[in-house]
Amino acid sequence: MMTIKKRMIVTNILMIAVPVVLCLIAEFFVRAIVIRVLEAYGLSFPDNGRGPPPGIEHMPFMYLLFFGQVALIMGIFFASNMFFTRQLVKQIMVDHEKYENNRRELIAGISHDLRTPLTSIKAYLEGIETGLASTPEKRSKYFSIIKNKTNDLEHIINQLFLFSKLDIGEYPMNMQKVNLGHTLPEMLGELVDEYERRGLVIKQEQNVDDIYVNADYMQLRNVIINILENSVKYKTSEKAVLVINCSSLGNMVEINLTDDGPGVPPDALDKLFDVFYRTDPSRSNEKKGSGLGLAIADKTIRRMGGKIHAELPETGGLSIVIQLPIIQV
């Protein structure tokens with residue numbers, strides 16, 4: 001998506017270039033009309049086009065023609081500028097409205113995701129305080145739950161911190177040349193056992209050889225983990241499968257991560273990477289996470305010069321596709 005700054009630059013260029021082109025075209029047609037009119041008077045237009053032919057220097061027609069040309073050129077220039085200015089203002093207003101909607105959604109999402117664990121912590125602390133946890137086993141269980149909820153709070157705050165830093169472009173990226181054909185299997189090898197214990201089988205069926213990208217290794221790993229986490233959270237069977245294919249497409253390398261989960265409605269594909277978006281509008285299930293994972297993935301991949309989007313494969317489930325530019329070494 002084009003930023004407002006880039007859109008203003010493009011608009012300013014168009015506001016200069018388009019009127020100039022239109023004025024040149026208008027001048028061509030006006031010149032042709034003048035030649036026709038002079039020919040009707042039995043006069044010839046001077047070859048250099050620098051003035052009226054001899055004998056008609058004081059004709060009111062020539063003065064009217066001159067002022068007509070000036071008025072036409074000024075009219076074209078101002079009309080073009082007004083058109084592009086109105087288009088720019090209209091787009092800025094649309095972007096501002098979208099920004100305001102996202103801001104309200106962000107505030108609502110933060111409120112919900114912080115309130116849920118805080119409510120649980122408060123309830124279990126009250127249980128300990130009032131003696132509801134009357135046995136050592138119950139107290140130990142309550143403390144364990146409180147600890148887990150505190151970890152959830154810490155995770156949400158860390159995600160918010162990361163997202164805000166990525167959003168304003170202040171999060172440092174350790175960019176380096178990464179051999180994706182070697183790095184991706186190593187990265188997945190560190191995660192296979194952990195996710196298999198959680199019910200997600202990871203399979204890599206296709207890979208590339210000696211293709212390099214400019215990427216931050218740890219942030220790319222976090223992007224893949226965020227996608228794996230989504231597959232774990234939304235799986236509908238005890239054992240789910242996620243297939244990873246890596247291939248080259250022209251000057252881009254593509255990482256396709258496809259699970260066999262429930263997928264999403266087609267109209268939700270473009271919204272998956274919005275802040276705090278969930279396919280469940282009620283947002284009632286806090287176990288589904290903060291809703292920031294894919295938004296962070298999107299901003300991270302864009303910082304690396306790539307793109308990320310979602311697809312619905314014919315076999316069902318959901319595919320997250322990452323594209324990164326290939327670099328020559």
Side-chain angles (χ1 to χ4, degrees), residues 105-106 109-110 113 151-167 171-174 178 180 183-204 213 215-235 240-246 253-264 268-280 283 285-311 317-324:
E105 179 66 18
L106 179 63
I110 294 172
D113 290 329
N151 290 337
D152 291 343
L153 277 175
E154 183 181 22
H155 175 72
I156 293 169
I157 292 170
N158 288 339
Q159 290 282 77
L160 284 170
F161 176 79
L162 175 57
F163 175 81
S164 63
K165 288 295 184 181
L166 287 169
D167 194 39
Y171 192 85
M173 302 285 283
N174 182 25
V178 175
L180 202 59
T183 302
L184 187 59
E186 294 175 0
M187 190 183 296
L188 296 174
E190 300 171 359
L191 304 170
V192 167
D193 291 340
E194 174 190 348
Y195 281 94
E196 189 166 356
R197 287 194 297 269
R198 298 172 60 187
L200 182 67
V201 178
I202 301 173
K203 298 180 180 179
Q204 184 173 10
V213 296
D216 183 320
Y217 173 86
M218 290 305 300
Q219 292 305 320
L220 181 59
R221 183 177 185 273
N222 288 337
V223 167
I224 291 177
I225 288 175
N226 280 336
I227 296 170
L228 297 178
E229 286 294 319
N230 271 6
S231 295
V232 170
K233 292 167 188 172
Y234 291 99
K235 66 185 179 72
V241 178
L242 183 138
V243 177
I244 300 177
N245 290 305
C246 186
V253 61
E254 182 176 282
I255 306 173
N256 189 308
L257 301 97
T258 303
D259 64 27
D260 59 353
V264 298
L269 287 176
D270 294 335
K271 303 175 184 176
L272 287 178
F273 301 94
D274 291 348
V275 182
F276 282 107
Y277 178 78
R278 291 193 183 111
T279 53
D280 176 14
R283 299 179 46 85
N285 190 350
E286 70 272 15
K287 293 182 179 179
K288 298 302 184 183
S290 66
L292 276 172
L294 290 181
I296 290 173
D298 177 59
K299 290 191 176 295
T300 302
I301 293 300
R302 289 181 186 277
R303 286 282 303 277
M304 297 182 192
K307 296 179 290 185
I308 184 170
H309 67 275
E311 297 176 355
L318 180 68
S319 293
I320 303 296
V321 181
I322 301 169
Q323 293 180 327
L324 293 169

Query raised in the report: For atom CG of Asn151, is the number of surrounding heavy atoms from other residues, nucleotides or ligands below 6.0 Å larger than 12?
Result: yes
Query - CG on Leu242 to OG on Ser319, rounded to 0.5 Å - result: 8.5 Å
Query raised in the report: To the nearest 0.5 Å, how far apart are CD1 in Ile320 and CG in Asn226?
Result: 11.0 Å
Requested in this report: Find the distance between CD (Glu254) and NZ (Lys307) and round it off to the nearest 0.5 Å.
Outcome: 9.5 Å
Report task. Can you see which heavy atom on Ala215 is nearest to which on Val178, and at what distance? Result -> O-CG2, 3.9 Å
Query - Which atom of Tyr234 lies closest to which atom of Pro262, heavy atoms considered - result: O-CD, 3.0 Å
Requested in this report: Look up atom CD1 in Ile225 and atom CD in Glu190, then write down how far apart they are to the nearest 0.5 Å.
Outcome: 8.5 Å
Requested in this report: Apply side chain to side chain contact (heavy atoms under 4.5 Å, CB included) to Gln219 and Asn222, showing your working.
Outcome: CA-CA 5 Å; Gln219 292 305 320; Asn222 288 337; 3.8 Å; yes
**Report entry** Nearest heavy-atom neighbours spanning Leu324 and Gly306
**Finding:** CD2-CA, 4.1 Å
Query raised in the report: Do Ile322 and Ile227 come close enough that some side-chain heavy atom pair is under 4.5 Å?
Result: yes
Query raised in the report: Closest heavy-atom contact between Ile255 and Cys246?
Result: CG1-SG, 4.1 Å
Query raised in the report: Rounded to the nearest 0.5 Å, how far apart are CG of Leu228 and CG of Leu191?
Result: 6.0 Å
Query raised in the report: Has the side chain of Asp216 got a donor or acceptor atom that lies under 3.5 Å from a matching backbone atom of Asn174?
Result: yes
Query - Contact check, side chains of Arg198 and Glu229, non-hydrogen atoms, under 4.5 Å - result: yes
Query raised in the report: Is there a donor-acceptor pair closer than 3.5 Å between any side-chain N or O of Asp259 and the backbone N or O of Leu318?
Result: yes
Query raised in the report: What distance do Leu257 atom CG and Gln204 atom CD have between them, rounded to the nearest 0.5 Å?
Result: 9.5 Å
Query raised in the report: More than 12 heavy atoms of other residues, nucleotides or ligands under 6.0 Å from OH of Tyr217: is that the case?
Result: yes
Query raised in the report: Is the side chain of Asp298 donor-acceptor paired with the backbone N or O of Leu294 at a distance under 3.5 Å, no angle test?
Result: no
**Report entry** Heavy-atom side-chain proximity of Leu188 to Tyr195 below 4.5 angstrom
**Finding:** no
**Report entry** Leu220: which of Leu184, Ile301, Thr300, Thr183 passes side chain to side chain contact (heavy atoms under 4.5 Å, CB included)
**Finding:** Ile301
